[in-house]
Structure formats: C-alpha cells, structure tokens
Participant: 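Mind having a look at this structure? Questions to follow.
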Amino acid sequence: AQTIHQWPVAEIKAVGSPLSLGCTIKGKSSPNLYWYWQATGGTLQQLFYSITVGQVESVVQLNLSASRPKDDQFILSTEKLLLSHSGFYLCAWSLQDWGYEQYFGPGTRLTVL
Amino acid sequence: GDSVTQTEGPVTVSESESLIINCTYSATSIAYPNLFWYVRYPGEGLQLLLKVITAGQKGSSRGFEATYNKETTSFHLQKASVQESDSAVYYCALNSGGSNAKLTFGKGTKLSVKS
C-alpha cells in the first residue's frame with residue numbers, strides 16, 4: 001500500500017526566516033507529485049507539480065520554490081517567509097495520467113508571525 | 001480559468017436526515033472534466049470520497065452519491081440518511097487535464113451532524 005508522509009506537522013516561523021517542508025511517498029514508483037496550499041478561509045490551490053525527478057513546474061507565484069531530489073521526495077522551500085505564506089500545505093501524488101485521482105498527505109500547518 | 005462553486009457552510013443536519021451539498025463547475029479548457037468529492041474528517045487528511053469521469057454517470061461511496069450532469073454542469077453530493085460520523089468538511093473538485101493535472105477545488109462545506 002502507498003503511504004504519504006509530510007513533515008513537519010506544524011510550524012510557527014518568523015517573517016523573513018527560511019522554510020523547508022517535506023513530503024515522502026512510499027510504495028509507488030515514479031508518481032506525479034503536487035504541492036497545494038490553502039490560506040485560512042481560502043481555497044485549496046495547486047502551487048507546483050512534478051512528473052519526474054529533478055523537474056518541477058510552478059503553477060502559482062508565491063515566492064516559494066520546490067524541488068524533487070529523489071523519485072519519492074518533494075520539498076517546498078523559501079529563503080524568506082512572508083505573512084501571506086501562512087496556511088495549510090498539502091502534498092499529493094497520482095499515477096502518471098491526469099485522469100487519475102490524487103492522494104493527499106496529512107498536511108503541514110504553517111503560521112508566520 | 002476553471003472554477004467550482006459549492007454550498008456555503010456550515011451546514012447542520014440531524015442524524016438520519018437527508019443531505020445535499022450543491023456543486024456547480026465551470027471548465028474552460030475541456031468539455032468534460034473529471035469530477036471528484038473529497039472529504040476531510042476532524043483530525044485527518046484529505047481523502048477521496050468518490051469520483052466520476054464520464055458525463056451522465058453516478059459515483060457512490062459510503063452511502064454518498066453524486067451524478068455528473070453536463071447539462072447543468074453540476075455534481076451535487078447526496079446522502080439519504082446521515083450519521084454523526086459523517087461530520088466533516090466536503091470539497092468538490094474538478095480536473096480538466098493538462099500537464100499539471102491541476103485539481104480545482106470549491107471552498108469546502110463544513111457539515112455537522114447532530115445526534
């Protein structure tokens with residue numbers, strides 16, 4: 001069975017500090033990977049997607065970056081956090097076809113003060 | 001761009017009553033997007049509840065049903081008799097393809113079921 005793990009569960013960070021969020025998928029080879037974000041009271045929106053190791057495409061510009069250093073790992077990061085980065089970050093995977101459903105991790109709650 | 005509009009919450013229903021959460025969609029790049037309902041139970045992650053990829057078809061899971069209506073561009077979620085354990089936030093979503101396979105979500109509907 002496939003499992004998806006995100007870390008950390010929650011973070012409280014200061015404005016201007018760096019951030020790194022991680023996601024690992026086990027039990028599935030070469031999945032498509034995605035980062036989604038939901039601001040408090042907002043709508044879930046896709047930030048990045050990756051269909052292969054080393055390749056990441058940005059969907060929304062939020063002064064964040066993402067990388068896929070391994071087939072089963074997806075990293076979201078920034079060097080300087082903004083207040084507007086607060087929210088809930090979800091990692092997801094799917095089979096390599098857009099028609100397939102996406103499976104989500106438990107998420108990371110980020111609070112920027 | 002694509003958009004999804006669903007019933008604004010919170011919605012409170014008594015146990016054993018029927019439920020309908022409305023969802024309408026607009027897909028600009030494809031005539032027949034894939035449609036999904038996701039659910040987030042308290043303290044848990046986002047889970048797929050059901051999906052329908054063919055217009056006119058019905059999907060069902062855990063007593064919930066949704067029919068893909070291309071004429072009205074709707075995908076309403078229904079259940080004949082809710083239970084307290086159905087209390088959760090429900091999200092309608094569509095996927096209109098493309099290389100990023102982006103899911104476009106509605107804002108979510110928080111459902112509380114009273115015993």
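Throughout, a chain's letter reflects where its sequence line sits, starting with A, and its residues are numbered from 1.
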Participant: Does atom NZ (A:K13) have a neighbourhood of more than 12 heavy atoms from anything else shown, all under 6.0 Å?
Facilitator: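 Yes.
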
Participant: Is it the side chain or the backbone of A:F104 that comes within 4.5 Å of chain B heavy atoms, both, or neither?
Facilitator: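 For A:F104, backbone and side chain are both near chain B.
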
Participant: Within a strict 4.5 Å, meaning less than it, do heavy atoms of the B:Y91 and A:Q38 side chains meet?
Facilitator: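 Touching, per the 4.5 Å side-chain cut-off.
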
Participant: Report yes or no: do A:V53 and A:V56 belong to one cluster of Ile/Leu/Val/Met/Phe/Trp/Tyr joined by side chain heavy-atom distances under 4.5 Å?
Facilitator: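 Not linked; separate clusters.
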
Participant: Spell out, yes or no, whether B:I21 and B:Y41 are grouped together once hydrophobic residues are joined by side-chain heavy atoms under 4.5 Å, including indirect joins.
Facilitator: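 Linked, B:I21 and B:Y41 end up in one cluster.
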
Participant: So do the side chains of B:L46 and A:L44 get within less than 4.5 Å of each other, counting heavy atoms only?
Facilitator: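 Side-chain contact under 4.5 Å: yes.
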
Participant: Any link between A:L83 and A:V60 through a network of hydrophobic side chains (Ile, Leu, Val, Met, Phe, Trp, Tyr) touching at under 4.5 Å?
Facilitator: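 Cluster IDs for A:L83 and A:V60 match.
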
Participant: Taking the side chain as everything from C-beta on, heavy atoms only, tell me whether B:T104 gets closer than 4.5 Å to A:Q45.
Facilitator: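 Result no, sub-4.5 Å side-chain heavy-atom pair not found.
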
Participant: Are any non-hydrogen side-chain atoms of B:Y38 and A:E101 less than 4.5 angstrom apart?
Facilitator: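 Result yes, sub-4.5 Å side-chain heavy-atom pair found.
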
Participant: Taking all non-hydrogen atoms of both residues into account, name the closest pair between B:R40 and A:F88 and its distance.
Facilitator: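 Result for this residue pair: NH2-CE2, 3.3 Å.
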
Participant: Let me know if A:I4 has heavy atoms under 4.5 Å from chain B in its side chain, its backbone, both or neither.
Facilitator: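 Nothing of A:I4, per the 4.5 Å heavy-atom cut-off to chain B.
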
Participant: Do A:V15 and A:L64 share a hydrophobic cluster (ILVMFWY, side-chain heavy atoms under 4.5 Å, transitive)?
Facilitator: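 They do share one cluster, since a chain of ILVMFWY contacts under 4.5 Å joins A:V15 to A:L64.
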
Participant: Heavy-atom count check: over 12 atoms from other residues, nucleotides or ligands less than 6.0 Å from B:Q47 CD?
Facilitator: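 Atom CD in B:Q47 is crowded, with more than 12 foreign heavy atoms closer than 6.0 Å.
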
Participant: Which heavy atom of A:Q46 sits nearest to which heavy atom of B:L103, and what is that distance?
Facilitator: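 Looking at all heavy atoms of both residues, the shortest contact is NE2-N, 4.5 Å.
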
Participant: Please name the pair of heavy atoms, one in B:A101 and one in A:Y36, separated by the smallest distance, quoted to 0.1 Å.
Facilitator: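 Looks like O-OH, 4.1 Å.
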
Participant: Show the nearest heavy-atom pair for residues A:V59 and B:K102, with the distance to one decimal.
Facilitator: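 Of all heavy-atom pairs spanning A:V59 and B:K102, the closest is CG1-CD, 4.2 Å.
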
Participant: Please say yes or no: joined through hydrophobic side-chain contacts below 4.5 Å, possibly via intermediate residues, are A:L47 and A:I75 part of one cluster?
Facilitator: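 Hydrophobic grouping puts A:L47 apart from A:I75.
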
Participant: If I measure from the heavy atoms of chain A, does B:L48 come under 4.5 Å with its side chain, its backbone, both, or neither?
Facilitator: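 When you check distances to chain A, only side chain atoms of B:L48 fall under 4.5 Å.
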
Participant: Take a 6.0 Å sphere around CD of A:Q2 and say whether it holds more than 12 heavy atoms from other residues, nucleotides or ligands.
Facilitator: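 Above 12, so yes.
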
Participant: A:F48 versus chain B, heavy atoms under 4.5 Å apart: side chain, backbone, both or neither?
Facilitator: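 Neither the backbone nor the side chain of A:F48 comes within 4.5 Å of chain B.
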
